[in-house]
Enquirer: 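This structure is in structure tokens; I'll ask about it shortly.
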Amino acid sequence: MIKSAIFEPNQLSMSPKYILLLITVFLFHLTASSQYTEKINSNRPGTSQGAFSVGNNVLQLEGGFGFGKEKHKILSTKSNVFNFDYSIRYGLLIEQLEIRFNGKYRADGVKQTIGGTEQKIKRSNFETNTIGAKYLIYDPYKKPKNKDSLNYDSLKSWKEHYRFKWKSLIPAVSAYLGANFVSKDNPFTAPDDEGFSPKIVVMTQNNWTTSMNGNWVLVTNLIVDKITTKDPIFGWIITSTHTINDKWAAFGEYQGQKSDFYSDDIMRFGGAYLFDKDLQFDANIAFNFKDTPSIFTFSFGASYRFDWHTKDEIIEKPGLEKGVKEGEKDENEEGTEETEDGFDELNEQDEIENDSLKLGKTPFVNDFEEDNFRDAIEQDLDERRTEQRLERERIENEKISKKEGKKFKKEEARRLKREAKEARQAEKEKARAEKEKQKMINDIDAELDKMEKEKGVDQELDNIDQELKELEKMERELEMEEKKEEKKEDKKEQEKKTEEEDIDAEFEKYEKEQAKIKKAEEKRRKKEEKKRLKEEKKKEKEKKKKKKEEKTDESDLDKALEELNN
């Protein structure tokens, strides 16, 4: 049967060279590590799980494609393998808890030679599908219970800061509990392995920083899988990752598996490229050390994070979470003085954007991070805080602008309303003046008619002269009033010149000037009208005098004719 023949238990005995290689790889893994939660924290390109979760309210997708070949020396089979592995991770409720769904789809074409005849078989199915939850049991990078255990001399000594500490060998520990789901007649699993089976994983993670070699991470997984089936699997994975720079990282991994159905030892090497803080690309190669079957696979993939994490958490150096004590500060607190290890003693009065640097705090983010990495983190936090502050200022300025705009619109509406009211009042005054003028003309005409009827021409002329005198008196009174008003206006203008004038005051001044011009124009028209009436009355008086003289001449002529006749 092709299925059982290909996945035969490991028949390769471990040679001394093989053992030496494993010891070398293991020591290589023990060199150190780091983890930074502000950037994506992916399990790829290896197959192990890190002890830390992705973070609360963070959704992370990980996946990749693999292409390879397998050869079985005893059964004379060759296989072209294609696989797609995927993982969905989500931080639930708290920082320490993560739920995970992962699986692997495989498709291969097997060529087997039997009696000189080559047979081709194509197979495809899900090799694994597992859902479970991981919980961080112990985190050595949090602050210790004994706050007095901090030695401040280590902050001032480069040697003390970077020397190896046996306490750093204590790893973070997590536990994973999951369930496998296998379909029936699956060619990639044991014959009786179908339905549901549990999976338990214990994960450890060490993070180190070295002064010369950068940051390292060591992850170890101990796996007990499918323990309720006839073919339980016991496995272990050791993964070491080295950060070359801010963008590139390299890794090496050793995976061992023991089972009655299939056993193997697999090595993986590769690297990852951080495109941005939420996207990572990776590639790796995998091979084993036996020929029943031999494996060589090339894989590449990516990890992407949907970061809905709302609370930023900074892990201070143990004992410095609340800043350096007052009694333990150096005597030179004024200004900023740099010590031997590059840390600055900060004055509380220095205006620094980073809140974690204020009040004498030392800006550690993790015990395993070195200065430039920590500075990059602090700079990133500074930029984010600055962006948030600028955004708050922008929103506040927009609110102020809207408030000022509403105030300006309100004042503009009041001004327009006031102008409309004054225009209506001016129209009413103009209509009233026209009405009074017409009434005055009508009264004069009525008086003239009455005088013509009741009294003689001389009396009428005297009355007209009296009215003209009254008009002249009224004109003089109007001129006096105008002069008084002009003096008042001049006085008001002189008083207003001493005050700060705004747009509304200028506009009111302009309105008053226009009203003054209108009033002067109206007075001028009244004056001209009175003058015209005066001239008309004078002309009428002259006409009446001429008529009287003509009548007198006619009467004299008549008398003369009568005398001649007599």
Side-chain angles (χ1 to χ4, degrees), residues 33 35 37 40-63 85-105 126-142 170-184 186 188-190 192-207 217-239 253-264 266 303 305-306 309:
S33 82
Q35 182 217 15
T37 56
I40 187 171
N41 177 20
S42 177
N43 289 330
R44 292 188 60 85
T47 58
S48 61
Q49 295 187 52
F52 296 96
S53 69
V54 292
N56 185 26
N57 204 25
V58 174
L59 175 65
Q60 190 161 308
L61 306 179
E62 303 174 5
D85 60 281
Y86 48 88
S87 177
I88 302 174
R89 304 169 62 190
Y90 182 72
L92 184 66
L93 299 177
I94 57 177
E95 295 292 330
Q96 296 88 345
L97 182 62
E98 173 185 311
I99 57 174
R100 181 171 181 253
F101 173 74
N102 65 289
K104 185 176 182 180
Y105 178 81
F126 289 96
E127 193 171 347
T128 59
N129 270 316
T130 308
I131 186 170
K134 175 175 67 177
Y135 181 77
L136 180 63
I137 300 173
Y138 174 71
D139 184 2
Y141 305 111
K142 288 188 175 180
I170 300 174
V173 181
S174 292
Y176 172 85
L177 179 62
N180 300 300
F181 299 92
V182 180
S183 60
K184 294 182 179 180
N186 193 323
F188 305 114
T189 60
D192 297 329
D193 185 9
E194 60 183 40
F196 163 81
S197 61
K199 181 177 182 178
I200 300 173
V201 184
V202 176
M203 295 149 283
T204 66
Q205 180 171 338
N206 294 88
N207 300 324
V217 175
L218 174 66
V219 175
T220 302
N221 288 181
L222 300 177
I223 306 168
V224 180
D225 195 7
K226 301 181 180 180
I227 55 178
T228 59
T229 65
K230 294 181 179 180
D231 298 299
I233 300 172
F234 301 93
W236 56 92
I237 305 174
I238 303 174
T239 306
E253 181 176 272
Y254 164 63
Q255 179 180 5
Q257 177 175 317
K258 294 297 180 182
S259 161
D260 292 338
F261 177 69
Y262 178 71
S263 299
D264 206 345
I266 301 173
S303 304
R305 176 178 70 170
F306 296 91
H309 193 270

Enquirer: Donor-acceptor check, side chain of N221 to backbone of S48, threshold 3.5 angstrom: yes or no?
Expert: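 No, because the side chain of N221 does not come within donor-acceptor range (under 3.5 Å) of the backbone of S48.
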Enquirer: So, using side-chain contact (heavy atoms from CB on, under 4.5 Å) as the criterion, who are the partners of D225 when residues are at least two apart?
Expert: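 For D225 the side-chain contact (heavy atoms from CB on, under 4.5 Å) partners, ignoring immediate neighbours, are N180, K199, I223, I233.
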Enquirer: Kindly determine whether F261 and T229 satisfy side chain to side chain contact (heavy atoms under 4.5 Å, CB included), including the steps that lead there.
Expert: CA-CA 11 Å; F261 177 69; T229 65; over 6 Å; no
Enquirer: With a 4.5 Å heavy-atom cut-off, do L61 and F306 have their side chains touching?
Expert: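 Side chain of L61 against side chain of F306, heavy atoms only: contact under 4.5 Å found.
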Enquirer: Does any non-hydrogen side-chain atom of P232 lie less than 4.5 Å from one of F234?
Expert: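 With C-beta onward as the side chain, the pair touches.
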Enquirer: Strictly by modelled atom types, are E62 and Q60 linked by a side-chain donor-acceptor pair under 3.5 Å?
Expert: yes
Enquirer: Can you name the nearest heavy-atom pair linking S42 to S303, along with the distance?
Expert: OG-OG, 2.7 Å
Enquirer: Rounded to the nearest 0.5 Å, what separates atom CZ in R100 from atom CD1 in I88?
Expert: 11.0 Å
Enquirer: Salt bridge or not between R44 and D85? Use side-chain N to carboxylate O under 4.0 Å.
Expert: yes
Enquirer: Could you give the distance from CD1 (I237) to CD1 (I266), rounded to the nearest 0.5 Å?
Expert: 9.5 Å
Enquirer: Is it the case that T239 and E253 place a side-chain donor and acceptor less than 3.5 Å from each other?
Expert: yes
Enquirer: Measure the spacing between CZ of F181 and OG of S197 and express it to the nearest 0.5 Å.
Expert: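 If I round to the nearest 0.5 Å, the distance is 9.0 Å.
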Enquirer: With the side chain counted from C-beta on, respond yes when T220 and V202 share a heavy-atom pair under 4.5 Å apart, and no when they do not.
Expert: no
Enquirer: Please report the shortest heavy-atom distance between L92 and N56, naming the atom on each side.
Expert: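 Between these two residues, the closest heavy atoms are C-OD1, 3.9 Å.
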Enquirer: Which atoms form the tightest heavy-atom contact between P140 and A172, and what is the distance?
Expert: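 Closest pair (atom of P140, atom of A172, distance): CD-CA, 3.5 Å.
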Enquirer: Run T47 and Q255 through side chain to side chain contact (heavy atoms under 4.5 Å, CB included) and show every step you take.
Expert: CA-CA 8 Å; T47 58; Q255 179 180 5; 3.6 Å; yes
Enquirer: Would a 4.5 Å heavy-atom cut-off, applied to side chains only, mark I40 and V54 as touching?
Expert: no
Enquirer: Side chains of L97 and S53: does their closest heavy-atom pair fall under 4.5 Å?
Expert: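 Counting from C-beta outward, L97 and S53 never come under 4.5 Å.
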Enquirer: Y90 versus F101: any side-chain heavy-atom pair under 4.5 Å?
Expert: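 No; the side chains remain at least 4.5 Å from each other.
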Enquirer: I'd like to check T228 versus F196 (side-chain heavy atoms, cut-off strictly below 4.5 Å). Are they in contact?
Expert: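 They are not in contact (no side-chain heavy atoms under 4.5 Å apart), so the answer is no.
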Enquirer: How far does CD of E95 sit from CG of D139, to the nearest 0.5 angstrom?
Expert: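 One gets 11.0 Å once the value is rounded to the nearest 0.5 Å.
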Enquirer: Just by distance, no angles: are the side chains of Y86 and N129 close enough, under 3.5 Å, to form a donor-acceptor pair?
Expert: yes
Enquirer: I need the minimum non-hydrogen distance between A175 and I137, along with the two atoms involved.
Expert: CB-CD1, 3.7 Å
Enquirer: Drop me the distance from L136's CG to F52's CZ, to the nearest 0.5 angstrom.
Expert: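 If we round to the nearest 0.5 Å, L136:CG and F52:CZ are 6.0 Å apart.
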Enquirer: Hey, could you give me the CE/CG distance between M203 and L222, rounded to the nearest 0.5 Å?
Expert: 10.0 Å
Enquirer: Check whether any side-chain N or O of N186 sits under 3.5 Å from a backbone N or O of F126 as a donor-acceptor pair, and report yes or no.
Expert: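 Indeed, once roles are kept as given, a pair shorter than 3.5 Å links the two residues.
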Enquirer: Do the side chain of E127 and the main chain of K104 share a donor and acceptor less than 3.5 angstrom apart?
Expert: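 Looks like no, no N/O pair under 3.5 Å.
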Enquirer: Could you tell me if the side chain of D193 sits less than 4.5 Å from the side chain of K226, heavy atoms only?
Expert: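 With C-beta onward as the side chain, the pair touches.
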